[in-house]
Amino acid sequence: GASGDVLGWMGTDDIFLKDGIWKIMRVRENNPDAVAWAGVSHTIARDGSFIGLRVPKVGDKHAFSCWGTDGFIDQPACLFSADAFEKAGKFNLRFPMFMDVDLWMRLSDVGRIVATQDEIACTRVHPDMGSADLYGREAMLIALGVYNGAYKSARRELQLFVGRSRRGAVERAERFDAIDSDYGLFL
């Protein structure tokens, strides 16, 4: 039975794999000093078809500030200590799209996060997801890094974001120029 000392949360589109909870609890049993335990998740489409695997990359708040490249945990495939959750300040509603990333950053300040290669859960992805807006998502992750004191990694991510934004703007301008010349339009 549940003792209330381990927490996790699932979205409406998330699914535990068969034996997923048992596998992640075994990781906890083998790493009782850790504050969180994360496993691999399956990415599935709206219809349930398999897209790929999402493997956790754990580290400190600086790693999680560089989300996806240096740090990554898929929220349904992670459980965490109720004590550490309290010490980290629970959920921060300032970043609704990234409450999980924010929590991983703050939990990493409290203690060690352990990853396993065991497959734990499924995450359903679709265009209607709140995190589908690339520019909004990147900007919020940079703000999240600054908020949690990961200044160096947030600065690096900001520089990368500005570079990608500039390249995108140049590509859009070049496409617009090509359309103008095709139709004899001049501004």
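It should be emphasised that the depicted structure is a prediction, and the values quoted were computed from it without experimental measurement. Residue indices begin at 1 and follow the sequence shown. Note: hydrogens, waters and symmetry copies are ignored here, and every other heavy atom, side chains too, is used.
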| request: Considering non-hydrogen atoms only, spot the tightest contact between I15 and I44 and give its length. | output: CD1-CD1, 4.0 Å
| message | When you measure from the side chain of D102 to the backbone of F98, do you find a donor-acceptor pair of N or O atoms at a distance under 3.5 Å? | response | no
| task | Can you see which heavy atom on I51 is nearest to which on A45, and at what distance? | result | CD1-N, 3.5 Å
| query | According to a 4.5 Å side-chain heavy-atom criterion applied to Ile, Leu, Val, Met, Phe, Trp and Tyr, with indirect links allowed, do L53 and F72 form part of one hydrophobic cluster? | reply | no
| note | C78 and A36 have their tightest heavy-atom pair at SG-CB, 4.2 Å
| task | Evaluate the side-chain proximity of L103 to N92: yes if any heavy-atom separation is below 4.5 Å, no if none is. | result | no
| query | Partners of D70 by side-chain contact (heavy atoms from CB on, under 4.5 Å), sequence neighbours excluded? | reply | A63, C66, R156
| note | salt bridge (Lys or Arg N to Asp or Glu O under 4.0 Å) filter on K61, not counting sequence neighbours, yields D109
| request: Would you please name every residue forming a salt bridge (Lys or Arg N to Asp or Glu O under 4.0 Å) with D100, sequence neighbours left out? | output: none
| So do the side chains of V58 and V114 get within less than 4.5 Å of each other, counting heavy atoms only? | no
| task | Report the C-alpha distance between F80 and I73 in whole Å, list the side-chain angles of each, state the deciding distance to 0.1 Å, and finish with yes or no for side chain to side chain contact (heavy atoms under 4.5 Å, CB included). | result | CA-CA 12 Å; F80 44 91; I73 295 175; over 6 Å; no
| query | Tell me the salt bridge (Lys or Arg N to Asp or Glu O under 4.0 Å) pairs involving residues 72-91, sequence neighbours left out? | reply | R54-D74, E86-K90
| request: Using side-chain contact (heavy atoms from CB on, under 4.5 Å) as the criterion, list what pairs up with Q117, not counting sequence neighbours. | output: V40, V55
| task | If a pair satisfies ring pair (Phe, Tyr, Trp, His ring centres under 6.0 Å) and one of its residues is in residues 17-43, list it, with sequence neighbours excluded. | result | H42-F50
| request: With sequence neighbours excluded, give me every salt bridge (Lys or Arg N to Asp or Glu O under 4.0 Å) pair touching residues 31-43. | output: D33-R112
| query | At their closest point, which heavy atom of W104 faces which heavy atom of Q75, and how far apart are they? | reply | CZ2-CA, 3.8 Å
| request: Report the residues that fulfil side-chain hydrogen bond (donor to acceptor under 3.5 Å, both in side chains) with S81, sequence neighbours left out, ordered by chain and then residue number. | output: none
| request: To the nearest 0.5 Å, tell me how far S41 OG sits from L17 CG. | output: 8.5 Å
| note | In terms of heavy-atom contacts, V110 and A84 come closest through CG1-CB, 4.0 Å
| query | If we only count heavy atoms from C-beta on, is the I24 to V6 side-chain gap below 4.5 Å? | reply | no
| What are the two closest non-hydrogen atoms of F64 and M105, and how far apart are they? | CB-CG, 3.5 Å
| Among all residues two or more places apart in sequence or in another chain, which pass the side-chain hydrogen bond (donor to acceptor under 3.5 Å, both in side chains) test with S49? | D47
| Non-neighbouring partners of D60 that pass salt bridge (Lys or Arg N to Asp or Glu O under 4.0 Å), sequence neighbours left out | none
| note | The reported gap from CG in L7 to CG in L79 (rounded to nearest 0.5 angstrom) is 8.5 Å
| Got a sec, which residues hit salt bridge (Lys or Arg N to Asp or Glu O under 4.0 Å) with R94, two or more places apart in sequence or on another chain? | none
| said: Going by the rule side-chain hydrogen bond (donor to acceptor under 3.5 Å, both in side chains), which residues pair with S65 if we only count those two or more places apart in sequence or in a different chain? | reply: S153
| field | Heavy-atom side-chain proximity of R26 to D118 below 4.5 angstrom | value | yes
| request: For R124 and R46, indicate whether the former's side chain and the latter's backbone hold a donor-acceptor pair under 3.5 Å. | output: yes
| note | Output for pair (F85 CZ, R106 CZ), nearest 0.5 Å, gives 8.0 Å
